[in-house]
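Below, chain A is the first sequence line, B the second, and so on; all start at residue 1.
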Amino acid sequence: METILEIKHLNKRFGNKLVLKDLNLTVKKGEVVCIIGPSGSGKSTFLRCLNLLEEPNSGEIIFEGHNLIAKSADLDRLRMKMGMVFQNFNLFNNLNVLNNCIIGQTKVLKRKKTEAIKIALELLKQVGMEAYINETASNLSGGQKQRVAISRALAMNPKIMLFDEPTSALDPEMIGDVLNVMRNLASTGLTLIVVTHEMDFAKEVANTIVFMDQGQILETNNPEVIFNNPKHQRTKTFLKRVIEKK
Amino acid sequence: MLTKIMPQGFIEGIIFLIKEYYPLFLDGIKYTVIISLTGTLLGLLLALIITPIKTATISKRDRIMLIIFKRCGICLATLYVEILRGTPMMVQAVIFYYGLRGMGIDMSINFFGILYIPGIIVSGITIVSVNTSAYIIEVLRGSINAIDKGQMEAARSLGMTKLQALLKIIIPQALRNCIPAIGNEFVINIKDTSVLSVIAVTELFYMTKRINSIYYRQTEGFIIAAIIYLILTFTTTRLLYWISNKLGNRKQLTYPTSQSY
């Protein structure tokens with residue numbers, strides 16, 4: 001399969017502290033990659049580097065043949081092809097649900113408003129939020145917000161979706177709704193990169209699991225190997241602890 | 001008008017002045033309200049233009065020309081705010097007024113003979129607008145900084161430029177949060193327009209001084225002026241309080257007050 005995203009020797013520093021150390025990863029089109037690991041291991045920073053919300057210090061991120069880290073890269077154009085879903089939803093507080101899903105389409109993609117509304121309504125329907133189009137973000141529950149945030153990102157027809165712990169701020173009851181939406185996305189063949197603590201979801205949906213610890217990628221493999229026969233001792237202890245906790 | 005004699009008593013004097021000279025007081029009130037209201041609104045408009053320049057951030061990806069442009073913009077905007085906030089409006093007023101007069105510039109505005117605004121009023125509005133904008137820039141900047149960083153990140157992740165994100169997402173939220181502070185500026189301006197009397201803008205304080213000079217008696221007239229100012233600021237504050245509530249700013253603790261900086 002065709003490679004869509006390639007990360008080479010990525011380094012990121014906060015002040016003097018090296019938080020990402022020489023990360024390498026290749027993502028194929030249609031692949032679902034789950035990044036797991038203990039808190040503070042740099043998973044979210046890594047994901048945020050992928051669409052340059054954090055500027056890496058060195059390395060290459062090659063997306064559709066363009067190196068995003070090069071100064072000449074047209075970031076705004078490349079960013080709109082990478083959807084991002086945040087832990088804290090980050091719905092636009094000054095807009096209602098429908099306008100949250102429209103603004104990117106009309107301002108960035110320059111779609112006509114009627115077309116944008118049609119696309120937004122279709123996507124909101126898929127996540128079961130079509131009844132809430134006139135609500136503002138503050139009136140929605142966490143799970144509802146996250147489903148709207150997913151629709152907002154999908155409305156841009158992204159080539160890749162980045163999920164930054166999308167269920168970490170949710171009540172246990174609502175996690176299922178959001179994971180179902182993500183399962184459906186995975187089945188449509190969209191490329192997903194997901195930072196998550198949901199091991200069952202990772203095991204079930206991912207094609208590739210990336211295990212990170214202390215700013216390094218320790219292991220990259222398919223879920224069977226990672227969960228049943230991890231090579232690294234650190235992976236073993238982490239998984240043991242996480243699974244015991246349940 | 002000099003035919004009538006002002007009574008000796010204090011209270012009688014006040015009643016006499018109100019009765020005989022209320023059209024002049026009303027004229028003063030009119031200009032005080034017009035200048036402070038349009039001054040605040042135009043000041044807000046100016047602030048909305050200058051704030052994005054002042055809060056520009058330089059990114060490693062910017063081209064060299066853009067970096068130079070941004071740096072100059074930030075410098076100029078900072079200078080603008082510092083000078084205007086660091087000097088009294090009265091001094092700004094005389095420099096502006098005599099400066100223009102020295103250059104022989106006429107500020108009066110004539111809209112095809114339908115609406116004529118005297119030069120002195122235009123000057124007054126200009127001075128108040130520019131002065132107020134400096135304060136509103138700082139209010140807006142604080143308000144923008146207080147908006148959750150995630151809002152900007154979400155906008156950028158959709159591919160919006162920083163300017164688009166500011167105009168469509170950040171500033172609308174920031175503006176809503178600082179309505180009480182902008183209302184505060186309006187109330188301050190109602191009081192501070194009195195300094196424009198030094199350049200003979202016919203606002204309330206100037207009109208009062210003129211009335212006082214007819215009889216060489218000061219206290220009665222200024223007491224009337226003080227009461228009028230109090231009524232103006234009190235009603236404005238309550239009105240803004242009400243608007244603020246209507247807009248759902250209940251959680252905001254700072255309601256408009258007539259407190260000066």
Side-chain angles (χ1 to χ4, degrees), chain A residues 44 47-48 50-57 68-95 99-110 136-138 145 148-149 152-158 160-164 169, chain B residues 44 48 51-52 56-70 140 142-182 244-252:
Chain A
S44 286
L47 196 76
R48 289 162 57 83
L50 296 184
N51 69 350
L52 277 283
L53 283 181
E54 301 285 353
E55 189 106 15
N57 292 82
L68 296 187
I69 297 175
K71 268 196 167 184
S72 58
D74 184 354
L75 268 194
D76 295 324
R77 259 182 59 84
L78 293 163
R79 272 204 188 112
M80 72 190 190
K81 296 183 184 174
M82 284 185 165
M84 177 125 184
V85 174
F86 299 86
Q87 184 176 352
N88 299 320
F89 329 119
N90 293 341
L91 287 187
F92 301 134
N93 292 324
N94 57 325
L95 303 175
N99 285 328
N100 259 283
C101 299
I102 287 175
I103 188 157
Q105 300 187 62
T106 52
K107 297 292 163 205
V108 180
L109 298 177
K110 310 283 176 206
T136 53
S138 54
K145 281 183 198 170
V148 173
R152 174 178 70 180
L154 288 175
M156 306 297 289
N157 295 113
I160 293 189
M161 284 282 281
L162 309 174
F163 288 86
D164 186 9
Chain B
L44 175 61
L48 283 173
T51 308
T57 46
I58 290 157
S59 131
K60 273 185 258 167
R61 296 177 166 270
D62 290 338
R63 273 170 212 179
I64 186 79
M65 281 311 287
L66 187 63
I67 293 176
I68 293 169
F69 188 70
K70 276 182 178 175
L140 259 180
S143 204
I144 287 172
N145 285 343
I147 301 288
D148 183 13
K149 254 179 67 192
Q151 297 283 312
M152 175 58 95
E153 288 181 353
R156 299 307 300 273
S157 78
L158 290 180
M160 284 193 213
T161 63
K162 195 173 173 216
L163 192 64
Q164 278 178 325
L166 264 181
L167 294 179
K168 297 290 167 189
I169 307 297
I170 309 295
I171 288 182
Q173 294 181 45
L175 257 185
R176 198 187 151 95
N177 291 342
C178 65
I179 285 171
I182 292 166
S244 200
N245 257 331
K246 275 269 163 201
L247 286 169
N249 261 336
R250 279 182 198 84
K251 58 185 175 192
Q252 202 84 23

Most heavy-atom pairs under 4.5 angstrom with chain B, which of [options]?
options	value
Leu78(A), Ile103(A), Leu162(A)	Ile103(A)
Leu91(A), Leu75(A), Asn93(A)	Asn93(A)
Asn51(A), Leu53(A), Val85(A)	Leu53(A)
Arg152(A), Met82(A), Met84(A)	Arg152(A)
Glu55(A), Gln105(A), Arg77(A)	Glu55(A)

Polar side-chain atom of Arg61(B) near backbone of Ala70(A) as donor-acceptor pair, under 3.5 Å: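 A pair under 3.5 Å: yes.
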
Ile171(B) backbone acceptor or donor facing Asn94(A) side chain under 3.5 Å: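 Answer holds: no.
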
Heavy-atom proximity to chain B below 4.5 Å, by part of Leu95(A):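 For Leu95(A), the contact with chain B is made by the side chain alone.
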
Region of Leu52(A) in contact with chain B, defined by heavy-atom distances below 4.5 Å: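 Contact with chain B is through the side chain of Leu52(A) alone.
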
Salt bridge (Lys or Arg N to Asp or Glu O under 4.0 Å) partners for Lys149(B), two or more places apart: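 For Lys149(B), no residue satisfies salt bridge (Lys or Arg N to Asp or Glu O under 4.0 Å) once neighbours in sequence are set aside.
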
Minimum-distance pair of heavy atoms, taken over all atoms of Phe92(A) and Ala154(B):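 Residues Phe92(A) and Ala154(B), closest heavy atoms: CE2-CB, 3.8 Å.
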
Shortest non-hydrogen contact from Leu158(B) toward Met80(A):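 Heavy-atom minimum between the residues: O-CB, 3.4 Å.
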
Residues of residues 159-166 of chain B with any heavy atom under 4.5 Å of a heavy atom in chain A: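 Interface residues of residues 159-166 of chain B: Gly159(B), Met160(B), Thr161(B), Gln164(B).
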
